[in-house]
Asks: 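First the structure, then my questions, so here it is.
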Amino acid sequence: MEGKVSTEQEEIDTFMIKAIIKAKNKEKAAEKKLMRVGFLVILSLISLTVYAFKNWIQWFQTEGSIFQKIITDPFILFLTIVFIITFAWLQQVTVKFEKAEKDYDQLKEDMIDRAADIWSSPEAWKKRSDVFRELKEKHDINLYHK
């Protein structure tokens, strides 16, 4: 019976470790996507600004309302729409990143709080530091502190 309990505990340990690795990978992927979309927002804003400054003098030199010229310029409208869409996308990706980060932090805290339960046997407790070191080196997961 004791062998069965030990095997079940090892399965739970393995499941927890795989879950935290998966959560960390999900957080890293969300962070990468956040950086890419942020770059696109900045790029679209710079494009809009450069085009507006480039045509600013031309708009003042011709007759008519500057506002009307800006509104009727199809490229300004296109760049503005691109900026608005990328900014909305950035907001959506930020929410997903924050959720992934929260999930990872919860798993990490849970694993740290339940370390004595997870590695309950003396042999498992000795292997715990090896597991923590391997997680830190291979997956950048630090379980030594919250």
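What you see below is based on every heavy atom in this structure, not just the backbone, and it leaves out hydrogens, waters and symmetry mates.
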Asks: What is the distance from atom CD1 of I85 to atom CG of L40, rounded to the nearest 0.5 Å?
Replies: 12.0 Å

Asks: Starting at CH2 of W89, measure out to CZ of R36 and round the result to the nearest 0.5 Å.
Replies: 9.5 Å

Asks: How long is the gap from CD1 on I21 to CD1 on I141, to the nearest 0.5 Å?
Replies: 5.5 Å

Asks: Filter on ring pair (Phe, Tyr, Trp, His ring centres under 6.0 Å), then keep only pairs touching residues 23-56, sequence neighbours left out; what's left?
Replies: Y51-F75, W56-F60

Asks: Could you give the distance from CD1 (I112) to CG (L107), rounded to the nearest 0.5 Å?
Replies: 11.0 Å

Asks: Does T86 reach the side chain of V37, with side-chain heavy atoms less than 4.5 Å apart?
Replies: no

Asks: Does NZ belonging to K28 count more than 12 external heavy atoms closer than 6.0 Å?
Replies: yes

Asks: Contact between F87 and L45 at the side-chain level, heavy atoms closer than 4.5 Å - yes or no?
Replies: no

Asks: Looking at side-chain heavy atoms only, is the closest gap between K24 and E27 below 4.5 Å?
Replies: yes

Asks: Specify the closest pair of heavy atoms between D140 and Y104, including all atoms of both residues, with the distance to one decimal.
Replies: O-OH, 4.2 Å

Asks: Locate the shortest heavy-atom distance separating K108 from I20; write the atom from each residue and the value.
Replies: CA-CD1, 3.6 Å

Asks: Closest heavy-atom contact between V93 and A30?
Replies: CG1-O, 4.4 Å

Asks: Under 4.5 Å between side-chain heavy atoms, hopping through other hydrophobics if needed: is there a path connecting L90 to F83?
Replies: yes

Asks: So that I can tick it off, tell me whether D105 and K102 are bridged by a salt bridge, with the cut-off set at under 4.0 angstrom between side-chain N and carboxylate O.
Replies: no

Asks: Can you tell me how far apart CZ (F78) and CG (D73) are? Round to the nearest 0.5 Å.
Replies: 12.5 Å

Asks: What pair of heavy atoms forms the shortest contact from L79 to S47, and how long is it?
Replies: CD1-O, 3.7 Å

Asks: Could you tell me if the side chain of K96 sits less than 4.5 Å from the side chain of Q92, heavy atoms only?
Replies: yes

Asks: To the nearest 0.5 Å, what is the distance between OG1 (T94) and CG (L34)?
Replies: 4.5 Å

